Amino acid sequence: MKLIDKKILVGVTGGIAAYKTCDLVSQLVKNGADVRVIMTESAQKFIAPITFSALTGNPTSIHMFDTKENIPHIELVQNAHMLAVVPATANIIGKFANGIADDLLSSLLLAATCPIFFAPAMNINMYQNAAVQSNISRLKKMGIFIMEPDVGYLACGTSGKGRLPAPVKIFEEICNILEPKGPLCGCNVLVTAGGTREPIDPVRYIGNRSSGKMGYALAGAARKLGANVTVISTIEKPDYYLDKHIVVETAEEMYKEVLNNYAEQDIIIMAAAVADYMPINIQENKIKKTSDELIIKLKRTPDILSDLGLNKGDKILVGFAAETEELEKFAMDKLVKKNADLIIANDVSNPKIGFSSENNQVAIFDRTGCVTRSDLLPKTEIADIIINKIIDLDLFKKLKEQKGVDNHG
Ligand code: PMT
């Protein structure tokens, strides 16, 4: 009974694949979940509400004003662990991506604070339509879990991408979101991402070219292996679900948020490009062009990684070294000075890697003096290599023993 104590809302919209949702709902119920189905008006053309009521033992809701709840779109999602829309038509995808709430299901989607899962299914041309694709990527940016449709025979007689995956595959995906599996299961991982901005006056700042791609790739890689992931970032757009996402601007704000969230973390990965200096005085008004030269006095920012290193305990600390010369020497210096377990060195003078690029090439230094060098690869693959390197550390094995969880989750 994998899903005991889980309250799952299943939204059913008007697509031919709605018949498969019966099987999914049955599997969720058999595995202990308390399931409540919400259908759209047009879903009833494909399947009868009574089918879901019989399968779940709960009433099936369709309209805002026909449920026993006083404020159905709020009360139904309260304490829900997930809202899964299966199948999700182009219509519900478009409505949710644009904040439209004109029936019970679309209103519930806006009121939900639990993870939201969409399994789109439709004709291939509809699925590939630019409007649908742009709505899907908007949902991804909002942190909605989207399960790609399968490629295969479609009800309209054509073949291609748009088919609802088998209910057993959807069931596994939902279980994995609710109870992730993998070696990082039970571990709390904090990742910092993006470049800090240090204000000079109300319109100018000292910044850097970090896009947050490396940090978000690491967060995604950790989550894929079951970690509970917190991201503290200067960039606002995660395109997948994160357990916690905190947006900051300056090094001091990042420092404060990292410290606030430090105690419960097991692994901390500092991928952010944090400013080393900040203006001593931030001008209240925009600085005017009154002289040929302008001197801005700077002071050191807090060194977040170094301070964490002072209070490391059994936590795993991973830092980066963004260098333009003597990569290995400076990386080893940082490993020792900042008391990190791993330092990931990247040559940020190479325009093909490092800042903003889709790719990176790194050398990973550990405390034993061992160096692992990667090829030039997409940042997502570099992130997998780094996370696996963390999992190989003896300290990680110790951490798992302390948590009493076996290494394979
Ligand atoms: O974001 P992208 O565009 O994908 O680019 C990725 C990246 C190049 C930013 C990333 O791969 C990277 O190298 N991040 C670290 C950048 C950096 O600040 O490096 P550093 O060598 O200056 O700092 C060493 C370590 O100390 C880093 O882990 C940094 O996060 C940390 N630090 C630095 C300064 C400071 N005040 N506090 C810190 O904690």
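Order of listing sets the numbers, starting from 1, for every ligand and every atom in it. Keep in mind the model is a prediction, meaning the values are calculated, not measured.
Judged by the 6.0 Å distance and 45° axis criteria, Lys315 is positioned over the aromatic ring of Tyr262. In this structure, Arg163 fails the cation-pi test against Tyr153, since its NZ or CZ atom is not both closer than 6.0 Å to the six-membered ring centre and inside 45 degrees of the ring normal.
Residues forming a side-chain hydrogen bond (donor to acceptor under 3.5 Å, both in side chains) with Asp366 (at least two apart in sequence, or on another chain): Thr368. In this view, Phe96 and Phe118 satisfy the ring-ring contact (aromatic ring centres under 6.0 Å, His included) rule, not counting sequence neighbours. Residues passing the side-chain hydrogen bond (donor to acceptor under 3.5 Å, both in side chains) test with Thr324: none are found, sequence neighbours excluded.
Counting only heavy atoms from C-beta outward, the side chains of Leu218 and Ile386 approach each other to under 4.5 Å.
For a heavy-atom separation below 4.0 Å, the residues in contact with ligand 1 are Ser210, Ser211, Gly212, Lys213, Met214, Met270, Ala271, Ala272, Ala273, Val274, Ala275, Asp276, Thr301, Pro302, Asp303, Ile304, Leu305, Gly319, Phe320, Ala321, Ala322, Lys334, Lys338, Asn346, Val348, Gly354, Phe355, Ser356, Asn360, Lys379.
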